[in-house]
Amino acid sequence: MQIYDLIIVGAGAAGLLGAGTAAEKGLKVLLIEKMEKPARKIRISGKGRCNITNTKQHDDFLAHVYSNSRFLNPALRNFSNFQTIEFFNSLGLQTVIERGERVFPESGKAWDVAECLVKWAKKSGVEIFCNAKVKSLNIENCRITGVNTNFGNSEKTIEAKYFLIATGGISYPLTGSTGDGYNFAKQAGHTVTDLHPSLVPLKIKNHNIQLNRLQLKNISLSLYVDGKYVDDEFGEAEFNRTGITGALALRLSRKAVSAIIAKKHVEIRLDLKPALNCEQLKNRIAREMQTVTTNYALLCKMLPLQIVNIFAEKANIKLQNRITDADIEKIIASLKNITFEICGFNGFDEAIVTAGGVSLNEIDSKTMRSKILENLYFAGEIINLDANTGGYNLQIAFSTARLATQSIAKQLKKSF
Ligand SMILES: Cc1cc2nc3c(=O)[nH]c(=O)nc-3n(C[C@H](O)[C@H](O)[C@H](O)COP(=O)(O)OP(=O)(O)OC[C@H]3O[C@@H](n4cnc5c(N)ncnc54)[C@H](O)[C@@H]3O)c2cc1C
């Protein structure tokens, strides 16, 4: 029977990059993927454009990583965001840097990133089995000996010297990430921390459906937990049928979700004019009042039409009335703060990433090796690491996978 040097379970971002790295080092690598094609999640990432990484400097980059960014330090030093860009460029995939230091393929197609990785992995000698689902691990004398794998109706045990679990999290399960790897980790004796959706839309209590699809630009959102300021973000937000989404809300969602789970009172405060202070707003309103007389006409000048009625309701002003000094005070106060009570969050099927995973205490951050089984390694979203939107999550997958398979290659060399 064929014995591989390395079996990688999961042909996502981590699995593909790890597999190609190991194969380039001369290892005989098998990559097992349960879907019909590798990298389904990459193909839909970044709204179909794939935000590959981010060009923030090391410490700034780590500031966007949870649950313990120090854990990522060795992996990111070993294969940095800048090396990721060079890597893709060397494969002929040109990249562009956009607002927020986010890196995208120049073609604007996530599909190209996925294909580029698959082509490179195959060219490097990686064997890829698709439509093959790993069911469980074979463990003997503190080592994994093989993976029990379903191929349609038949089941086979495939053996190897080393194993890397790169099965991702449990979010967007239609892409194949259904959390199987957590069971493998538990089978190996690992602790899996509580899992919850992150980068996920937030639900607003008594949400006004008229807000559905409203997009707001150049606004700021602040997160308050039990009345205390926690964080704020500036940029774009979008409302949906149940609450608030868009880049800002998603970024605030990790802390909001934790607070909701802890049964705390969570609010999002919307500042519609973050660039103007109250005095500047007063001057702006005075200028507008040279041509308008009613609250309605004034608000139409200052806000998107879709929000005018709701704004008036929240500000407690009568739209058809002539503008009074008291109205101006209320308008200014509401422009700077409309409060939404957050009562929940959407599920894993709408979460960009899973927070939680295989406990960091049980993985060696310098090698990605399990501290429990000596020939087991982890990479990517399965680990209890996640990050903001902005290309950080894919970089976590790339850096941890590169480090894991380089470490495996070193181990193999030692044993010759
Ligand atoms: C809609 C969306 C958009 C995103 N956009 C971005 C973005 O632009 N930039 C960014 O940085 N991050 C983005 N992310 C997050 C990022 O895509 C993930 O964090 C990253 O893909 C994780 O990589 P991974 O290899 O660990 O897991 P995955 O990419 O999830 O890959 C895991 C693979 O393992 C396979 N698998 C699972 N179980 C088994 C099994 N039992 N047997 C065999 N195979 C198995 C799965 O089918 C899957 O192919 C996005 C996520 C989503 C959902």
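Below, each value reflects all heavy atoms present in this structure, side chains not excepted, and no hydrogens, waters or symmetry copies.
Side-chain contact between C130 and P38 is present, with at least one heavy-atom pair separated by less than 4.5 Å. Taking the side chain as every heavy atom from C-beta outward, E362 and I372 approach each other to under 4.5 Å. At a threshold of 4.5 Å between non-hydrogen side-chain atoms, the residues V266 and F340 do not count as touching. Taking 4.5 Å as the limit, every side-chain heavy atom of I8 sits out of range of all side-chain heavy atoms of I165. In this structure the side chain of T400 never reaches within 4.5 angstrom of the side chain of F378, judged on heavy atoms. Two residues are said to be in side-chain contact when any heavy atoms from C-beta on lie closer than 4.5 Å; L216 and L214 meet this criterion. T55 places a side-chain heavy atom less than 4.5 Å from the side chain of I85. Residues L299 and L319 are in side-chain contact: their nearest non-hydrogen atoms beyond the backbone lie under 4.5 Å apart.
Judged as a side chain to side chain donor-acceptor pair (under 3.5 Å), the pairs with a partner in residues 224-234 (not counting sequence neighbours) are, in order, Y229-D232, D231-K255, E233-R251. Applying the salt bridge (charged side-chain N to carboxylate O under 4.0 Å, His left out) test to residues at least two apart or on different chains, the pairs with a partner in residues 86-105 are R49-E98, K56-E101, R99-E236. Residue pairs meeting the salt bridge (charged side-chain N to carboxylate O under 4.0 Å, His left out) criterion with at least one member in residues 196-207, sequence neighbours excluded, are K205-E341.
Judged by distance alone, the side chain of S407 and the main-chain N or O of T367 form a donor-acceptor pair under 3.5 Å. Judged by distance alone, with hydrogens and angles left aside, the side-chain atoms of S177 form no donor-acceptor pair with the main-chain N or O of P173 at under 3.5 Å. Side chain of N54 to main chain of G390: a donor-acceptor pair is present (N/O by atom type, distance under 3.5 Å, no hydrogens or angles). The main-chain N or O of Q395 is never found under 3.5 Å from a side-chain atom of T53 such that the two would form a donor-acceptor pair. Proximity of a side-chain donor or acceptor of K371 to a complementary backbone N or O of N361 within less than 3.5 Å is detected. The backbone N or O of L93 lies less than 3.5 Å from a partner atom in the side chain of N89, making a donor-acceptor pair. For K119 (side chain) and L91 (main-chain N/O), no donor-acceptor pair under 3.5 Å exists by modelled atom type. Looking at S154, its side chain never comes within 3.5 Å of a backbone N or O of N150 through a donor-acceptor pair. At least one donor-acceptor pair under 3.5 Å links the side chain of N375 to the backbone N or O of K161. Counting only distance, with no hydrogens or angles, the side chain of E381 and the backbone of D386 share no donor-acceptor pair below 3.5 Å.
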| message | For F348 and T354: C-alpha separation, side-chain torsions, deciding distance, then whether side-chain contact (heavy atoms from CB on, under 4.5 Å) applies. | response | CA-CA 7 Å; F348 282 111; T354 306; 3.9 Å; yes
| query | Which is it for L76 and F61 under the side-chain contact (heavy atoms from CB on, under 4.5 Å) test, yes or no, and what are the steps along the way? | reply | CA-CA 9 Å; L76 188 61; F61 189 104; 3.6 Å; yes
| Can you check side-chain contact (heavy atoms from CB on, under 4.5 Å) on L385 and L72, steps first, answer last? | CA-CA 8 Å; L385 280 181; L72 186 68; 4.0 Å; yes
| said: Is there a side-chain contact (heavy atoms from CB on, under 4.5 Å) between I285 and I332? Walk through the geometry before answering. | reply: CA-CA 9 Å; I285 290 172; I332 291 173; 3.7 Å; yes
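When the salt bridge (Lys or Arg N to Asp or Glu O under 4.0 Å) test is applied to E279, no partner is found at least two apart in sequence or on another chain. Applying the side-chain hydrogen bond (donor to acceptor under 3.5 Å, both in side chains) test to E288 and every residue at least two apart in sequence or in another chain returns R284. By the ring-ring contact (aromatic ring centres under 6.0 Å, His included) test, H207 pairs with no residue at all, sequence neighbours left out. For R241, the salt bridge (Lys or Arg N to Asp or Glu O under 4.0 Å) test picks out no residue, with sequence neighbours left out. With sequence neighbours excluded, the residues satisfying salt bridge (Lys or Arg N to Asp or Glu O under 4.0 Å) with E115 are R43. Partners of F345 by ring-ring contact (aromatic ring centres under 6.0 Å, His included), not counting sequence neighbours: none found. Every side-chain contact (heavy atoms from CB on, under 4.5 Å) that A249 has, sequence neighbours left out, goes to L221, I244. Among residues two or more places apart in sequence or in another chain, the ring-ring contact (aromatic ring centres under 6.0 Å, His included) test is passed with Y377 by none. Listed by chain and residue number, nothing satisfies the salt bridge (Lys or Arg N to Asp or Glu O under 4.0 Å) test with E313 (two or more places apart in sequence, or in another chain).
Taking each heavy atom of N78 and Q83 in turn, the nearest pair found is O-OE1, 3.5 Å. Between A14 and A166, the shortest heavy-atom distance links the atoms CB-CB, 4.0 Å. Shortest non-hydrogen contact noted between S365 and L403 is O-CD2, 3.4 Å. In terms of heavy-atom proximity, A19 sits nearest to L31 at CB-CD2, 4.0 Å. Here the shortest heavy-atom pairing between P105 and C50 reads CD-O, 3.1 Å.
Ion pairing between E33 and K37 fails under the 4.0 Å rule for side-chain N and carboxylate O. A salt bridge does not link R213 with E238: every distance from a Lys NZ or Arg NE/NH1/NH2 to an Asp or Glu carboxylate oxygen is 4.0 Å or more. Comment: D364 does not engage R369 in a salt bridge, judged by the lack of any side-chain N to carboxylate O separation of less than 4.0 angstrom.
Between the side chains of Y172 and E350, no donor N or O sits under 3.5 Å from an acceptor N or O.
Atom OG of S399 is separated from atom CG of L17 by 8.5 Å, given to the nearest 0.5 angstrom. The line from CG of L30 to CD1 of I7 is 5.0 Å long, rounded to the nearest 0.5 Å. Here the OG1 atom belonging to T389 is positioned 8.5 Å from the CG atom belonging to L248, to the nearest 0.5 angstrom.
Ring to ring, F184 and F163 are not that close: their centroids are 6.0 angstrom or more apart. With ring centers used as reference points, F88 lies under 6.0 Å from F398.
Counting non-hydrogen atoms of other residues, nucleotides and ligands closer than 6.0 Å to NZ of K273 gives a total above 12. By the 6.0 Å contact criterion, NZ on K314 is enclosed, its count of non-hydrogen atoms from other residues, nucleotides or ligands being greater than 12. The local environment of OH in Y296 is sparse, with at most 12 non-hydrogen atoms from other residues, nucleotides or ligands closer than 6.0 Å. More than 12 non-hydrogen atoms from other residues, nucleotides or ligands lie less than 6.0 angstrom from NZ of K330.
Residue W120 is tested with L16, T21, V126 for a side-chain contact (heavy atoms from CB on, under 4.5 Å); the sole match is T21. For the salt bridge (charged side-chain N to carboxylate O under 4.0 Å, His left out) with D180, the lone residue among K34, K186, K135 that qualifies is K34.
By the 30° and 60° cut-offs, the orientation of the rings of Y392 relative to H64 is parallel.
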